[in-house]
Amino acid sequence: MSQITISYSSNNLLSLSGIDSLNLHHTLMCGQAFRWKKDGDFYIGVVKEHVLKVRQEGDSIEVKGYPKEGLEAFVFDYFDLNKDYSEIEDKVSSFDEHLATAVAFGKGLRLLRQDPWECLISFIISARNNIPCIRRSIEAISMRYGDRYEFEGGFYYLFPSPAQLSQASLEGLLECGTAFRGKYIIETVKRVFESGIDLEELRDMELTEARKVLMEFKGVGEKVADCVLLFALQRYEAFPIDIWINRVMRRLYFDGKEVSLKKMQEYAQERFREYAGYAQEYLYYWARSNQLS
DNA sequence: TGCCAGGCCTTCC
DNA sequence: GGAAGGCATGGC
């Protein structure tokens, strides 16, 4: 793993160079996070308590952010820059030729360290939904219930906290385009806000136990639970199976035959072990980008 | 226009 | 415990 060099340019732009295996486009547009959009050279996103504008040139990225306090540490954490991804890419590629292809396609795709609360609500919204609609709903919810920042002449809205979202009515959530998932959000918010459940505790729990806890929330089944575990709680042994993963796994590992989700899950967990989550994301991105049927 | 979307819940057996 | 049907709405 190479050493990352940190510098600040005169106009207060944070610059990180010498980053191994980061492709901003793959990482931000692969479908793991819903609040990033491209604006010229920059990708702009609202992440936890920050607004970030990031662009990449070769092995370096430039970051503008608000607030500036703690920005450097925040960027390191969110993009997981202390982790050696070339090692992960090598390991995942070595499983078989399919994963070698998928990793080559998505080289530089890193799993972000997202906020568990936002991730939970976002993936409840994702059920039986398409990505443009998911993005719009999350943005609408943030605008309606979250804190507002002003940055470089634009307004940006943080994802609302449990307390803020507990003020939401079903009608309000429906106007955000959540449709039949609105009632799930209401119930999940109520449960988290009133019980004071700490999602962080799921980091250290046995995986099936952590899954079970998440699945007690309305609108959270196995797939959504696995997304939260993988994308926000760094449980890299989780393997979310959505329709794309179902298709690509069936095609590559089951001779095109129908397989139960349970069997597919067991197969992936056994085959990929602690790299299952990484393998899932490379396969997902490759399959969806190539519209595999 | 009709099919489909990063599934889940409920019902029924 | 497993299969089947329903679900709101917008993208393509």
Side-chain angles (χ1 to χ4, degrees), chain A residues 26-37 102 105-106 109 111-112 114-116 118-141 144 168-191 208 211-233 235-236 238-252 257-266 268 276-293:
Chain A
H26 294 339
T27 300
L28 300 177
M29 297 294 148
C30 70
Q32 63 177 317
F34 297 110
R35 297 207 63 197
W36 286 91
K37 53 190 170 193
F105 177 83
L109 195 172
L111 288 177
L112 299 164
Q114 302 191 57
D115 178 68
E118 176 175 344
C119 199
L120 175 62
I121 301 300
S122 296
F123 279 94
I124 287 174
I125 293 169
S126 81
R128 187 93 184 159
N129 206 347
N130 59 52
I131 289 182
C133 291
I134 300 166
R135 297 168 68 96
R136 202 176 8 262
S137 280
I138 295 169
E139 195 62 33
I141 287 172
R144 190 156 179 154
S169 65
L170 181 57
E171 292 71 27
L173 289 172
L174 291 177
E175 286 173 16
C176 295
T178 57
F180 64 88
R181 310 161 195 89
K183 57 183 181 294
Y184 302 151
I185 297 173
I186 294 277
E187 291 195 43
T188 293
V189 169
K190 188 185 286 183
R191 186 171 147 80
T208 52
R211 264 181 131 202
K212 214 158 76 184
V213 172
L214 284 168
M215 287 169 63
E216 285 168 15
F217 292 112
K218 285 289 177 196
V220 180
E222 296 183 351
K223 190 269 174 182
V224 171
D226 285 340
C227 283
V228 176
L229 289 166
L230 178 61
F231 298 139
L233 295 163
R235 299 302 296 264
Y236 299 105
F239 191 84
I241 301 176
D242 73 319
I243 51 161
W244 290 100
I245 285 295
N246 195 335
R247 282 176 197 155
V248 73
M249 287 290 289
R250 201 168 58 210
R251 174 163 157 170
L252 299 180
K257 296 194 181 75
E258 281 294 329
V259 194
S260 71
L261 291 182
K262 181 175 160 61
K263 189 174 172 187
M264 187 176 283
Q265 186 88 48
E266 286 169 359
Y278 299 107
Q280 189 273 0
E281 204 52 18
Y282 292 117
L283 284 172
Y284 170 82
Y285 186 53
W286 178 68
R288 201 168 75 86
S289 300
N290 292 289
Q291 294 291 303
L292 249 57
S293 53

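Since the model is a prediction, treat every value here as computed from it, not as a measurement. Quick note on labels: first sequence line is chain A, next is B, and so on, each numbered from 1.
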Given side chains that start at C-beta, do those of [X] and [Y] come closer than 4.5 Å, heavy atoms only?
| X | Y | value |
| --- | --- | --- |
| A/F34 | A/I125 | no |
| A/I124 | A/I185 | yes |
| A/T178 | A/I141 | yes |
| A/D226 | A/Q265 | yes |

Rounded to the Å, how far apart are [X] [atom1] and [N] [atom2]?
| X | N | atom1 | atom2 | result |
| --- | --- | --- | --- | --- |
| A/I124 | B/dG6 | CD1 | C1' | 14 Å |
| A/I134 | B/dG7 | CD1 | P | 8 Å |
| A/L261 | C/dA4 | CG | P | 13 Å |
| A/Q265 | B/dG7 | CD | C1' | 14 Å |
| A/D242 | B/dC8 | CG | P | 10 Å |
| A/Q280 | B/dG6 | CD | P | 13 Å |
| A/F217 | B/dC9 | CZ | C1' | 17 Å |
| A/R211 | B/dG7 | CZ | C1' | 13 Å |

> Any ion pair linking A/E216 and A/K212 (charged N to carboxylate O, less than 4.0 Å)?
Replying inline: no
Nearest-Å distance once atom [atom1] is located in both [N] and [M]:
| N | M | atom1 | answer |
| --- | --- | --- | --- |
| C/dG5 | B/dG6 | P | 24 Å |
| B/dC8 | C/dG10 | P | 22 Å |
| C/dA8 | B/dT1 | P | 23 Å |

> Quick one: on DNA chain B, does A/M215 or A/I241 contact a more 5' nucleotide (nearest heavy atom)?
Replying inline: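 The residue whose closest nucleotide sits nearer the 5' end is A/I241.
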>> So if I take residues 219-227 of chain A and measure heavy-atom distances to DNA chain B, which residues fall below 4.0 Å?
In response: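 Those residues whose heavy atoms fall under 4.0 Å from DNA chain B, taken from residues 219-227 of chain A in numerical order, are A/G219, A/V220, A/G221, A/E222, A/K223, A/V224.
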> Looking at A/R247, A/K263, A/R250, which one forms a salt bridge (Lys or Arg N to Asp or Glu O under 4.0 Å) with A/E258?
Replying inline: A/R250
Using a heavy-atom cut-off of under 4.0 Å over every strand shown, decide if [X] touches base, sugar-phosphate, or nothing.
| X | answer |
| --- | --- |
| A/F231 | base |
| A/E281 | base |
| A/R247 | sugar-phosphate |

For [X] and [Y], work out which heavy atoms get closest and say how close.
| X | Y | value |
| --- | --- | --- |
| A/P240 | A/Q280 | O-NE2, 2.9 Å |
| A/A238 | A/L229 | CB-CB, 4.2 Å |
| A/S137 | A/C176 | OG-O, 2.9 Å |

> Once you round to the nearest 0.5 Å, how far does CH2 of A/W36 lie from CG of A/L112?
Replying inline: 8.0 Å
> Between CH2 of A/W244 and CH2 of A/W286, what distance do you get to the nearest 0.5 Å?
Replying inline: 12.0 Å
>> Among A/M264, A/E222, A/K223, which residue satisfies the side-chain contact (heavy atoms from CB on, under 4.5 Å) criterion with A/I241?
In response: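 Exactly one option meets the side-chain contact (heavy atoms from CB on, under 4.5 Å) with A/I241, and it is A/M264.
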> Got a sec, which pairs hit salt bridge (charged side-chain N to carboxylate O under 4.0 Å, His left out) with one end in residues 125-139 of chain A, sequence neighbours left out?
Replying inline: A/R35-A/E139
>> Once pairs are restricted to Watson-Crick or G-U wobble with both distances under 3.5 Å, how does DNA chain C read as a dot-bracket string, [ ] for crossings and | for other-strand pairs?
In response: |||||||.||||
> If you measure from the ring centre of A/W244 to the centre of the six-membered ring in the base of B/dG6, is it under 5.5 Å, with the planes under 30° apart?
Replying inline: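 According to the criterion (under 5.5 Å, under 30°), no, A/W244 does not stack.
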>> For A/F239 and A/Y284, I'd like to know if the aromatic rings sit close, meaning centre-to-centre distance below 6.0 Å.
In response: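 A/F239 vs A/Y284: aromatic centres not under 6.0 Å.
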> Along nucleotides 5-12 of chain C, 5' to 3', which nucleotides get a B, which get an S, and which get a -, given that the test is a protein heavy-atom distance under 4.0 Å?
Replying inline: --BBSBS-
Would you tabulate the pairs of protein nitrogen or oxygen atoms and nucleotide nitrogen or oxygen atoms of nucleotides 10-13 of chain B closer than 3.5 angstrom?
none

> By side chain to side chain contact (heavy atoms under 4.5 Å, CB included), which residues pair with A/C30, not counting sequence neighbours?
Replying inline: A/Q32, A/L109, A/E281, A/Y285
